[in-house]
Amino acid sequence: MASSPTAHTAVRRPLDTARPLDALRCDIGGPEPLTRVVSGHLSRLGATVRDGGPGDIALGGGEFAPVMARTAWGSAGSGIEDEATAQAVTGVMAVHGRRHGAPRGLAVDYLATATGVLTVQGLLAGLVGQARGGPPPRVRTTTADTAGLLTVSQYLAAAGADEPEAVEPAPGGPPFTSAEGVLFELETLDPGAWAAFWRALEAPADAIRAGWRPFQFRYATACAPFPIDLHEVTRRHPWARIRQAAARSEAEVCRLRTLAERAAEDDGADPWSLRALGPGRPATAAAGTTVTADRPLAGLTVLEAGRRIQAPLAAHLLGLLGARVIRIEPPGGDPLRGMPPACDGISARWLALNRGKEAVEIDIKAPGDRTRLRELVAEADVFLHNWAPGKAADLELDAEHLTTVNPSLVYAYTGGWADRIDDAPMGTDFMVQARTGVGEAAHPAGEPPVPSLMTLLDVLGGLHGAEAVLAGLLLRERTGHGVRVESSLLGAADTLLAPVLRRAAGGADPRRPAGFRHPLRTSDGWIAPSDAGAAAAAAYDVTGMCTEDALDQLRGHGLTATAVTTDLSALHHDPRLSGPIGRDAHGAPAVPDPWSLA
């Protein structure tokens with residue numbers, strides 16, 4: 001387990017202080033949209049936060065030398081100066097716009113939020129590394145454009161694969177509408193339940209068959225061009241009948257909630273929870289381990305039993321910080337390794353989240369294999385999973401079970417709802433978007449309040465998962481106890497929506513105005529004005545101009561704008577980006593690390 005031979009001597013904190021930044025101080029400097037989340041999360045983790053003006057972020061105090069961080073929208077001269085231009089350059093507008101058939105900006109400040117969470121990760125990792133004997137890093141730079149590339153990394157990987165998509169991206173997708181006009185999301189991972197739901201509503205058999213594949217791949221493609229017949233079927237039935245069909249088929253439906261509804265029920269809970277467990281044993285030094293500023297988690301082992309995006313992304317980020325990551329996969333391996341399109345015979349999307357990890361095949365339902373898993377846990381530092389609620393307890397693999405074999409364990413669960421919503425539907429990205437009002441926030445006024453078909457919350461939930469693990473590791477260093485941490489898609493939604501929900505709770509219109517972050521069409525592409533200049537830019541007709549001439553015209557009037565990336569494969573050579581996009585050993589695109597560590 002986990003400490004360097006020269007490990008820093010931590011001042012042990014009382015067990016009842018489950019805040020890893022207790023007695024630390026942070027001076028916050030940098031662009032306010034990028035530091036909003038930094039300030040809020042560090043405060044919730046126990047730090048005393050003060051406005052530090054326009055400079056860097058400095059976190060330290062007590063037994064810690066200051067850890068420095070810096071945030072920025074992009075590199076100097078790149079033209080990336082705010083949320084709109086960052087979304088335009090990194091392909092976020094292109095992917096979010098697939099369901100609409102044209103690039104669209106997210107009306108919520110997604111990249112600023114992601115950048116803030118990544119910045120907190122860098123600060124926490126610096127403290128963990130320092131507690132383990134490493135040097136305090138001088139500056140950790142996190143930029144919104146690298147956060148954007150991480151957000152679209154799976155879509156970028158697919159664009160650079162050796163074969164085409166399994167479903168050609170085209171406009172279309174949920175939600176559906178009932179006879180009374182109720183907008184709702186549908187979710188099932190089972191083709192049998194899908195078919196049973198539609199048969200109960202008397203949908204045409206050919207539409208049911210044709211609809212499953214685009215529905216199944218909507219997480220991967222950010223669109224779902226299934227037959228219009230399915231939309232017409234739901235419009236013929238009342239909401240009560242639709243709910244009845246879902247209950248009988250074991251599919252799930254969720255009415256789209258408004259931001260006002262979410263604001264009324266918001267409990268103000270932290271986006272993650274940390275609970276110190278029993279006292280751990282003294283950490284044993286990992287032979288030959290050197291903790292450096294750019295690898296603060298070197299010598300730590302993370303066991304990841306994750307599916308799809310949320311937990312695998314969290315573990316991927318921990319691996320980038322130096323941890324050894326071992327995936328627990330079912331017999332035969334993770335079936336998502338075969339999800340098309342492939343690079344060198346392996347799913348490009350799978351590689352985007354899992355490259356560089358080791359793997360062990362374990363049947364968690366078999367007693368003998370669970371014993372093997374416990375043996376691995378005994379030598380690990382982190383156990384991370386996103387199993388269905390209750391599954392870990394049923395298998396005797398919950399925190400109280402695994403800390404009996406490793407009292408120093410950081411046990412991490414990344415789930416859907418954190419037991420905070422009564423009668424919650426299945427905890428998947430689009431269902432959580434529907435239930436929390438993210439769909440309304442993602443589109444400006446005058447547009448249907450539909451969930452984005454980008455995996456917004458899976459990605460942001462994965463970022464929250466890594467943040468929670470780092471907070472747990474720091475708490476372990478400061479208390480000498482094992483720690484249970486939990487993060488959720490609901491917590492990610494709360495972080496993303498915090499400013500929007502404040503507007504809604506105050507009675508103001510929570511949505512951005514009509515046309516907000518809609519790029520302008522040129523003769524050969526699209527351009528996105530900055531948020532500050534969007535209203536003035538809309539007065540100029542650039543439809544007959546090429547992109548370069550349109551940009552020159554707007555810049556000549558003192559307005560900032562940038563070309564919208566519509567072909568993700570073009571990002572490999574885009575000079576506007578802070579860091580280069582590389583290729584891994586299988587030839588799949590690999591986005592730059594989201595931090596610059598020194």
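We're numbering straight along the sequence, starting at 1.
Formation of a donor-acceptor pair under 3.5 Å by the Ser78 side chain with backbone atoms of Gly74 is not found in this model. Between the side chain of Thr495 and the backbone N or O of Gly491 there is at least one donor-acceptor pair closer than 3.5 Å. No donor-acceptor pair under 3.5 Å is formed between the side chain of Arg132 and the backbone N or O of Gly129. Within the 3.5 Å criterion, the main-chain N or O of Pro340 finds a donor-acceptor partner in the side chain of Arg349. A donor-acceptor pair is defined here as one N or O able to donate and one able to accept, closer than 3.5 Å; no such pair exists between the side chain of Tyr413 and the backbone of Arg484. Judged purely by atom type and a 3.5 angstrom limit, Trp526 has no side-chain atom pairing as donor or acceptor with the backbone of His518. At least one donor-acceptor pair under 3.5 Å links the side chain of Glu83 to the backbone N or O of Tyr110. Within the 3.5 Å criterion, the main-chain N or O of Ala107 finds a donor-acceptor partner in the side chain of Arg512. Formation of a donor-acceptor pair under 3.5 Å by the Ser39 side chain with backbone atoms of Thr35 is not found in this model. Without hydrogens or angle criteria, Thr85 side chain to Asp82 main chain gives a donor-acceptor distance under 3.5 Å.
Between Asp494 atom CG and His464 atom NE2 the span is 8.5 Å, to the nearest 0.5 Å. Here Leu318 contributes atom CG and Glu467 contributes atom CD; the two are 11.5 Å apart, rounded to the nearest 0.5 Å. In this structure, SG on Cys223 lies 7.5 Å from CG on Leu453, to the nearest 0.5 angstrom. In this structure, Leu473 CG and Leu475 CG are separated by 9.5 Å, a value rounded to the nearest 0.5 Å. Interatomic distance, CG of Leu59 versus CG of Asp27, reported as 9.5 Å (0.5 Å rounding). Atom CG of Asp56 is separated from atom CD1 of Ile28 by 11.0 Å, given to the nearest 0.5 angstrom.
Here the closest non-hydrogen pair linking Gly160 and Arg583 is O-NH1, 3.4 Å. Smallest separation of non-hydrogen atoms from Val564 and Pro103: CG1-CB, 4.0 Å. The two residues Pro449 and Leu256 have their closest heavy-atom pair at O-CD2, 3.0 Å. Pairing each heavy atom of Leu568 with each of Ala159, the nearest pair is CB-CB, 4.1 Å. The heavy-atom pair separating Thr436 from Ala493 by the smallest distance is OG1-CB, 3.8 Å. Nearest heavy atom pair, residue Pro529 against residue Ala84, reads O-CB, 3.6 Å.
In Arg503, the CZ atom is crowded: over 12 heavy atoms of neighbouring residues, nucleotides or ligands sit closer than 6.0 Å.
Side chains of Gln87 and Arg517 form a contact here, defined as non-hydrogen atoms less than 4.5 Å apart. In this structure, the side chains of Phe217 and Glu165 stay at 4.5 Å or more apart for every pair of heavy atoms. Using a 4.5 Å heavy-atom cutoff, the side chains of Thr414 and Ser488 are not in contact. For the pair Glu304 and Ile326, the minimum side-chain heavy-atom distance is 4.5 Å or more. The side-chain heavy atoms of Arg435 and Ile421, taken from C-beta on, include a pair separated by under 4.5 Å. Looking at Val291 and Leu297, their side chains never come closer than 4.5 Å, going by heavy atoms from C-beta outward. No side-chain heavy atom of Thr562 sits less than 4.5 Å from a side-chain heavy atom of Ile527. Taking the side chain as every heavy atom from C-beta outward, Met93 and Leu106 never approach each other to under 4.5 Å.
Here His100 and His443 bring their ring centres to under 6.0 angstrom of each other. Between Phe383 and His385, the ring center distance clears the sub-6.0 Å criterion.
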- [ ] Give the intermediate values and the outcome of side-chain contact (heavy atoms from CB on, under 4.5 Å) for residues Val302 and Asp381.
- [x] CA-CA 6 Å; Val302 175; Asp381 299 275; over 6 Å; no

TODO: Take Arg36 and Thr113 through the test side-chain contact (heavy atoms from CB on, under 4.5 Å) and record every step on the way to the result.
DONE: CA-CA 8 Å; Arg36 173 186 66 82; Thr113 303; 3.4 Å; yes

Open item on the list: Let's go through Ser578 and Asp145 carefully: what are the C-alpha distance in whole Å and the side-chain angles of both, what is the deciding distance for side-chain hydrogen bond (donor to acceptor under 3.5 Å, both in side chains) to 0.1 Å, and is it a yes or a no?
Closed with: CA-CA 7 Å; Ser578 300; Asp145 64 330; 2.8 Å; yes

- [ ] Decide yes or no on side-chain contact (heavy atoms from CB on, under 4.5 Å) for Val459 and Gln310, but give the supporting numbers first.
- [x] CA-CA 6 Å; Val459 170; Gln310 187 183 10; over 6 Å; no

- [ ] Show your reasoning for whether salt bridge (charged side-chain N to carboxylate O under 4.0 Å, His left out) applies to Arg218 and Glu187.
- [x] CA-CA 11 Å; Arg218 72 198 192 283; Glu187 183 65 279; 3.0 Å; yes

Open item on the list: One pair to check against side-chain contact (heavy atoms from CB on, under 4.5 Å): Met431 and Leu489. What are the steps and the verdict?
Closed with: CA-CA 10 Å; Met431 295 294 264; Leu489 300 183; over 6 Å; no

TODO: Could you give me the CA-CA distance, side-chain angles and deciding distance for Glu447 and Arg104, then say whether salt bridge (charged side-chain N to carboxylate O under 4.0 Å, His left out) is met?
DONE: CA-CA 12 Å; Glu447 295 185 15; Arg104 294 281 183 89; 3.4 Å; yes

Open item on the list: Between Arg324 and Glu358, does the salt bridge (charged side-chain N to carboxylate O under 4.0 Å, His left out) criterion hold? Intermediate values first, please.
Closed with: CA-CA 8 Å; Arg324 175 193 183 195; Glu358 303 172 39; 2.8 Å; yes

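Looking at Trp272 and Glu486, their side chains never bring a donor and an acceptor atom within 3.5 Å of each other.
The side-chain contact (heavy atoms from CB on, under 4.5 Å) search around Asp574 returns Val89, Thr565, Leu571, Arg576, Leu577, not counting sequence neighbours.
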List the atom pairs, donor and acceptor, that lie under 3.5 Å between side-chain atoms in residues 586-598 and the rest of the protein, sequence neighbours left out.
unit_1	atom_1	unit_2	atom_2	d
His586	ND1	Asp344	OD2	3.1
Trp595	NE1	Leu118	O	3.1

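Results of the side chain to side chain contact (heavy atoms under 4.5 Å, CB included) test with Pro312 over Leu317, Asn354, Leu384, Asp334 single out Asn354 as the only residue that passes.
Both the sub-6.0 Å distance and the 45° axial angle are satisfied by Arg308 relative to the ring of Tyr219.
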